[in-house]
Amino acid sequence: MAPALPDGQPAPDDGALPPTVVDGSAGRAFGVYLHVPFCTVRCGYCDFNTYTATELGGGASQSSYATTALAEVALAGRVLRDAGLPARPVSTVFVGGGTPTVLPVGDLVRMLGGIRDTWGLTDDVEVTTEANPDSVTPSSLAALAAGGFTRVSFGMQSAVPHVLATLERTHDPRRIPDVVRWARDAGLQVSLDLIYGTPGESLDDWRTSVEAALATGVDHVSAYALVVEDGTRMAVQVRRGELTLPDGDDQAEKYELADDLLVEAGLGWYEVSNWARTPADACRHNLAYWRGDDWWGIGPGAHSHVGGVRWWNVKHPRAYADRLDRGLSPAAGRETVDGDAAALERLMLGVRLADGLPLADLSAPARRAVAGLVADGLLDGRAAVARPVRTADGSTAPGGRAVLTRRGRLLADAVVRTLAA
C-alpha cells in the first residue's frame with residue numbers, strides 16, 4: 001500500500017501556478033523527476049507508489065505509459081511558460097520507480113526526448129535511471145547510454161541470499177559485478193543501493209554486502225536503514241511475529257561499519273546515507289532536493305517543487321492517465337512553503353549534507369544551542385568555530401557551519417529537533 005498523499009489546498013485543474021513562483025525560482029536550478037510505477041514483483045517491504053506491470057489496464061497500461069507521461073511533460077511546459085518563468089534548461093533528470101527498466105529502452109529514451117524538446121538540457125546534464133540487476137542486459141544499457149542517459153542506480157540491497165529472500169528481491173546477487181561492468185562498458189556512471197537492518201541480517205551479512213559492493217569498484221554507494229511502513233506485507237509479518245526487527249543499536253553498528261569500509265575504500269559521505277568517491281560522483285539530482293532547487297515530478301503520485309510551491313499528483317496510474325486524457329492537470333493538491341515552514345525544511349534537509357548549514361542561516365536560539373550539540377559530540381566543533389563574516393548590509397554574521405559528526409549522523413533527527421526548538 002502506497003502512503004497517503006499529504007493534506008493541502010486543492011490544485012487548479014489547469015495546473016496554473018501563482019505569480020509568486022517567479023521570484024521564488026530566481027537563481028534555482030531546474031530538474032525533472034519521472035516516476036515509472038511498474039515492477040515485475042512488488043517487494044514485501046516496499047511502500048512506494050508501484051504496481052505489478054500487468055495489473056493495470058486502459059490508459060494506465062505499461063505499453064502506453066510513455067505517451068501518458070509525455071502528455072504531462074507538455075502540460076508542464078505550458079504551465080511554466082504561462083507562469084512567466086524564464087526558460088531554464090534541465091540540469092538533472094531522475095527516472096525512478098518502481099523499476100523504470102521494465103519499460104522498453106525506446107520508451108525511456110522517448111520520454112527523455114520529450115523533456116529535451118520541452119526545456120532543453122544543460123551541456124553537463126545528469127540523467128539517471130534506477131534499475132534492478134535482473135532488468136538490464138549489455139545491449140539495453142548501451143542503448144540507454146546512446147539515448148542520452150549518463151548514470152544508472154542499481155537496487156542491489158544485499159549480497160546475501162537469505163537477506164534478499166526476506167526482502168523478496170528476485171535477482172541473483174552474483175549478477176551484480178556483471179551489471180556494473182556492463183554499465184561501465186556502456187559509459188554510464190554506476191551507483192549501488194544497499195539496505196541494512198533486514199530481519200535476520202547479521203553484522204557479518206552486512207559486511208559481506210558492503211564489501212561485495214566495493215569489490216565492483218563503483219564510485220557511489222547509498223546505504224539506507226530498513227524502515228517497515230504500515231500497510232506493507234513485511235509490517236504484517238512483523239506484527240504476526242514471523243519476523244523480528246533489529247533494534248536501534250544494531251542499525252547504528254551497521255551504519256558505522258559501512259562508513260568505516262566505504263571511507264577506507266576512498267568514498268566519503270556527502271549526505272547521511274550517501275557516499276561518493278569524488279564530488280563529481282555525487283548524485284546531483286538528489287543534491288538538488290536537499291538544497292531546495294526546483295523540479296517537476298512527472299507521473300502518478302510524483303511531487304513537484306517550483307518557486308516555493310509544492311504539489312503532488314493523483315496516486316493511481318489510471319486516475320493519472322484519465323486526467324491527462326481529459327486535458328486536466330494530474331495534480332491532486334498543493335501547498336506554499338514559506339516562512340517558518342521553509343526555514344524548518346531547509347534545516348531538516350541541509351543539516352544532512354556534509355557541507356552542513358551556515359550558522360548565519362539559523363535562528364538566534366538555534367545558534368545558542370550549537371555549543372551544547374558540539375559538547376555532546378553531535379556537531380563538529382572546528383566547523384562551528386570560524387571568523388564572523390561581513391554581510392551585504394555591513395553587519396556581521398557567524399562564520400561557522402553546523403556540520404554533523406558521525407555520531408550526529410546517527411542522531412540527525414535529534415539534532416534537527418534541538419535546532420528547531
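Basis for what follows: all heavy atoms, side chains included, without hydrogens, waters or symmetry-related copies.
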**Request:** Answer yes or no: are there more than 12 heavy-atom neighbours, outside Glu264 itself, under 6.0 Å from its atom CD?
**Result:** no
**Item:** Side-chain heavy-atom pair His303, Trp311 within 4.5 angstrom cut-off
**Value:** no
**Request:** Answer yes or no: is there a side-chain heavy-atom contact under 4.5 Å between Thr99 and Phe38?
**Result:** no
**NZ/NE/NH1/NH2 to OD/OE distance under 4.0 Å, Glu345 and Arg310** = yes
**Message:** Looking at Trp269, I'd like to know if the NZ or CZ of Arg409 sits under 6.0 Å from its six-membered ring centre while staying within 45 degrees of the ring's axis.
**Reply:** yes
**Asked** Considering only heavy atoms from C-beta outward, does the side chain of Ser153 approach that of His220 to under 4.5 Å?
**Response** no
**Prompt:** Hey, is Arg291 close enough to Asp355 for a salt bridge, meaning N to O under 4.0 Å?
**Reply:** yes
**Request:** State, with a plain yes or no, whether a side-chain heavy atom of Leu267 is found less than 4.5 Å away from one of Val263.
**Result:** no
**Asked** Would you say Ser25's side chain and Val21's backbone share a donor-acceptor pair under 3.5 angstrom?
**Response** yes
**Prompt:** Do Arg151 side-chain atoms and Phe94 backbone N/O form a donor-acceptor pair below 3.5 Å?
**Reply:** no
**Message:** The test is side chain to side chain contact (heavy atoms under 4.5 Å, CB included); show your working for Leu257 and Leu203 and say whether it passes.
**Reply:** CA-CA 9 Å; Leu257 175 60; Leu203 189 63; 3.7 Å; yes
**Message:** Checking Leu245 against Val228 for the side chain to side chain contact (heavy atoms under 4.5 Å, CB included) test, could you report, in this order, the C-alpha distance in whole Å, the side-chain angles of both residues, the deciding distance, and whether it holds?
**Reply:** CA-CA 9 Å; Leu245 292 175; Val228 179; 3.6 Å; yes
**Prompt:** For Val160, which of Asp205, Asp204, Thr166 qualifies under side-chain contact (heavy atoms from CB on, under 4.5 Å)?
**Reply:** Asp205
**Item:** Minimum-distance pair of heavy atoms, taken over all atoms of Ser273 and Arg352
**Value:** OG-NH2, 3.7 Å
**Message:** Test side chain to side chain contact (heavy atoms under 4.5 Å, CB included) on Leu192 and Val180; report intermediate values, then the result.
**Reply:** CA-CA 9 Å; Leu192 292 176; Val180 171; 4.0 Å; yes
**Request:** Indicate yes or no: at least one non-hydrogen side-chain atom of His35 is less than 4.5 angstrom from one of Ile298.
**Result:** no
**Message:** Whether the side chain of Thr150 engages the backbone of Val127 through a donor-acceptor N/O pair (distance < 3.5 Å, no angle test) should be reported.
**Reply:** yes
**Prompt:** Can any side-chain N or O of Arg284 pair as donor or acceptor with the backbone N or O of Ser91 at less than 3.5 Å?
**Reply:** yes
**Item:** Centroid-centroid distance, His171 to Phe154, less than 6.0 Å
**Value:** no
**Request:** Decide if atom CG of Asp247 counts as having more than 12 heavy atoms of other residues, nucleotides or ligands within a radius under 6.0 Å.
**Result:** yes
**Prompt:** Quick one: are the ring centres of His316 and Tyr320 less than 6.0 Å apart?
**Reply:** no
**Asked** Any sub-3.5 Å donor-acceptor pair from Thr418's side-chain atoms to Ala414's backbone N or O?
**Response** yes
**Message:** Can you tell me how far apart OH (Tyr65) and OG1 (Thr68) are? Round to the nearest 0.5 Å.
**Reply:** 8.0 Å
**Request:** State, to 0.1 Å, how close Val218 and Ala213 come at their nearest heavy-atom pair, and which atoms those are.
**Result:** CG2-O, 3.7 Å
**Prompt:** Sub-3.5 Å donor-acceptor pair from the side chain of Arg277 to the main-chain atoms of Gly268, do we have one?
**Reply:** no
**Request:** Measure centre to centre between the rings of Phe30 and Trp295, then say whether the value is under 6.0 Å.
**Result:** no
**Request:** Give a yes or no on whether the backbone of Thr278 and the side-chain of Asp281 come within a donor-acceptor separation of less than 3.5 Å.
**Result:** yes
**Message:** Do Asn132 and Thr170 have side chains that approach each other closer than 4.5 Å (heavy atoms only, starting at C-beta)?
**Reply:** no
**Item:** Straight-line distance of Asp338 CG to Thr20 OG1, nearest 0.5 Å
**Value:** 8.5 Å
**Request:** Please confirm whether Trp296 and Trp119 have ring centers closer than 6.0 angstrom.
**Result:** no
**Prompt:** Is there side-chain contact between Glu201 and Lys254, with heavy atoms separated by less than 4.5 Å?
**Reply:** yes
**Request:** Would you give the length of the straight line joining atom CG of Leu17 to atom CG of Leu85, rounded to the nearest 0.5 angstrom?
**Result:** 7.0 Å
**Fill in**
Correct closest heavy-atom pair for Asp250 and Pro246 would be OD1-CB, 3.3 Å
**Item:** Pair Arg175 + Asp134, salt bridge at N-O below 4.0 Å
**Value:** no
**Request:** Given side chain to side chain contact (heavy atoms under 4.5 Å, CB included), test Tyr270 with Leu287 step by step and report yes or no.
**Result:** CA-CA 9 Å; Tyr270 68 94; Leu287 280 170; 3.9 Å; yes
**Prompt:** Between Asp294 (side chain) and Gly307 (backbone), is there a donor-acceptor pair under 3.5 Å?
**Reply:** yes
**Prompt:** Quick one: do the Glu72 and Asn313 side chains pair a donor with an acceptor below 3.5 Å?
**Reply:** yes
**Prompt:** Closest approach of Ala421 and Pro365, non-hydrogen atoms and distance?
**Reply:** O-CB, 4.4 Å
**Message:** So does Val102 get a backbone contact from the side chain of Gln62, meaning a donor-acceptor N/O pair under 3.5 Å?
**Reply:** yes
**Request:** Flag the pair Tyr33 / Trp312 as yes when their ring centroid distance falls below 6.0 Å, and as no otherwise.
**Result:** no
**Message:** Rounded to the nearest 0.5 Å, what separates atom CD in Glu168 from atom OG1 in Thr232?
**Reply:** 9.5 Å
**Prompt:** Where do Glu256 and Arg406 come nearest, in terms of heavy atoms and distance?
**Reply:** O-NH1, 3.2 Å
**Item:** Gap separating the CG atom of Asp376 from the CG atom of Leu378, nearest 0.5 angstrom
**Value:** 5.5 Å
**Nearest non-hydrogen partners of Asn274 and Trp290, listed with the distance** = ND2-CH2, 3.5 Å
**Prompt:** Short question: side chain of Thr216, backbone of Ala212 - any donor-acceptor pair under 3.5 Å?
**Reply:** no
**Asked** Side chains of Thr244 and Pro199: closer than 4.5 Å at any heavy-atom pair?
**Response** no
**Asked** Taking NZ, NE, NH1 and NH2 as the nitrogens, is one of them in Asp361 or Arg401 under 4.0 Å from a carboxylate oxygen of the other?
**Response** no
**Request:** With rounding to the nearest 0.5 Å, note down the distance linking CE in Met156 to OG in Ser209.
**Result:** 5.5 Å
**Whether over 12 other heavy atoms sit under 6.0 Å from Glu335 CD** = yes
**Message:** Looking at Asp293 and Arg28, is there a salt bridge between them, counting it only when a charged N and a carboxylate O are closer than 4.0 Å?
**Reply:** no
